[in-house]
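Just so we're clear, the structure is a prediction, and the values are computed from it rather than from any experiment.
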Amino acid sequence: MSAALHADAMRVLTAWRATTEEGDLARKRALELLAQGPETVTRAHRAGHLTASALVVDVDGRVLLCLHARLGKWMQLGGHCEPADVTLAEAALREATEESGIEGLTLDPDPIDVDVHDVRCGAGDGTPATASTHYDVRFLVHAPAGATEEISDESSALGWFDPDALPSPLASATARQIPPALSRLR
């Protein structure tokens, strides 16, 4: 996994043009991380690693957010890259499908945002969570008309929200990705 996914991440983040100063700084930090090698796209790289997430938007421009079970904050869907993931976009789409239960999601392959944030996460092998940093590459995902969501084990709740009526508490930088996502709907 890591070599192909790493090459894709380098290509995507080198070509992507951020829509905010914060997003561009995060993009540069992610490229610095990736310069350390392919392991940086796996959670085995404990100091920090790439993650992929998806802002799911329906035909009416509403966004699907999850109330993260462990963090207790509303955010987009997403998570760690898995061994079968070859691209960041595929990882984001997989995460969105798993966490929403919605079939037929479609992905915009260009990121809408990058965010770097400190977390506590496990290595995926059952060991206790430790301090780490997520370099989260965020994508726009379109839900089909009439989509019905289903809560996964990772969420306490799922909900559709108008962009001007977001729930609270909201995870940091969640709102920042909404304007660039909605601009692609026009």
Side-chain angles (χ1 to χ4, degrees), residues 1-57 63 65-66 68 70-71 73-99 105 107-125 129-142 154 170-184:
M1 156 187 90
S2 16
L5 183 58
H6 180 264
D8 175 72
M10 290 291 292
R11 180 191 59 75
V12 167
L13 292 174
T14 299
W16 182 65
R17 297 295 165 243
T19 58
T20 65
E21 286 183 37
E22 297 92 345
D24 195 46
L25 178 59
R27 178 190 71 84
K28 289 173 183 173
R29 288 182 63 193
L31 285 168
E32 289 171 3
L33 171 79
L34 290 168
Q36 297 175 36
E39 188 177 63
T40 58
V41 298
T42 72
R43 66 171 90 190
H45 193 264
R46 300 306 305 143
H49 42 274
L50 241 56
T51 56
S53 64
L55 183 67
V56 179
V57 179
V63 297
L65 299 177
C66 71
H68 195 280
R70 188 171 51 84
L71 301 176
K73 294 182 180 181
W74 290 93
M75 63 185 63
Q76 73 285 344
L77 308 174
H80 292 100
C81 298
E82 299 293 340
D85 295 330
V86 177
T87 70
L88 284 174
E90 288 174 7
L93 183 60
R94 176 188 50 74
E95 286 285 339
T97 302
E98 289 174 2
E99 293 183 12
L105 295 172
L107 176 94
D108 184 324
D110 296 317
I112 54 172
D113 190 37
V114 178
D115 184 59
V116 179
H117 51 273
D118 294 330
V119 296
R120 292 191 59 77
C121 72
D125 59 5
T130 59
S132 187
T133 302
H134 281 177
Y135 296 75
D136 192 36
V137 182
R138 297 162 172 194
F139 293 86
L140 169 62
V141 171
H142 302 273
E154 296 180 37
L170 201 60
S172 68
T174 299
R176 185 176 78 212
Q177 65 191 308
I178 294 174
L182 296 180
S183 73
R184 294 192 188 171

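His134 places no side-chain N or O within 3.5 Å of a backbone atom of Asp136 that could act as its donor or acceptor partner. Using a distance-only test at 3.5 Å, with no hydrogens or angles considered, a donor-acceptor pair links the side chain of Thr14 to the main chain of Met10. Of the possible polar contacts, none joining the Arg27 side chain to the Glu22 backbone as a donor-acceptor pair under 3.5 Å is found. Under a 3.5 Å cut-off, the side chain of Glu99 and the backbone N or O of Ala96 do not form any donor-acceptor pair. Formation of a donor-acceptor pair under 3.5 Å by the Asp113 side chain with backbone atoms of Arg138 is not found in this model. Side-chain atoms of Trp16 come within 3.5 Å of backbone N or O of Pro111 as a donor-acceptor pair. The backbone N or O of Arg46 sits less than 3.5 Å from a side-chain atom of Ser132, completing a donor-acceptor pair. With hydrogens and angles ignored, the 3.5 Å screen pairs a side-chain donor or acceptor of Asp85 with a backbone N or O of Glu82.
A 4.5 Å side-chain heavy-atom check between Ile112 and Leu55 finds at least one atom pair inside the cut-off. You'll find the side chain of Gln76 stays beyond 4.5 Å of the side chain of Val56, heavy atoms only.
For the 3.5 Å distance criterion, the side chains of His117 and Asp115 qualify, holding a donor opposite an acceptor. Between the side chains of His6 and Glu39, no donor-acceptor pair is found at a separation under 3.5 Å.
Applying the side chain to side chain contact (heavy atoms under 4.5 Å, CB included) test between Leu33 and each of Val41, Thr40, Thr133 identifies Thr40 as the sole match.
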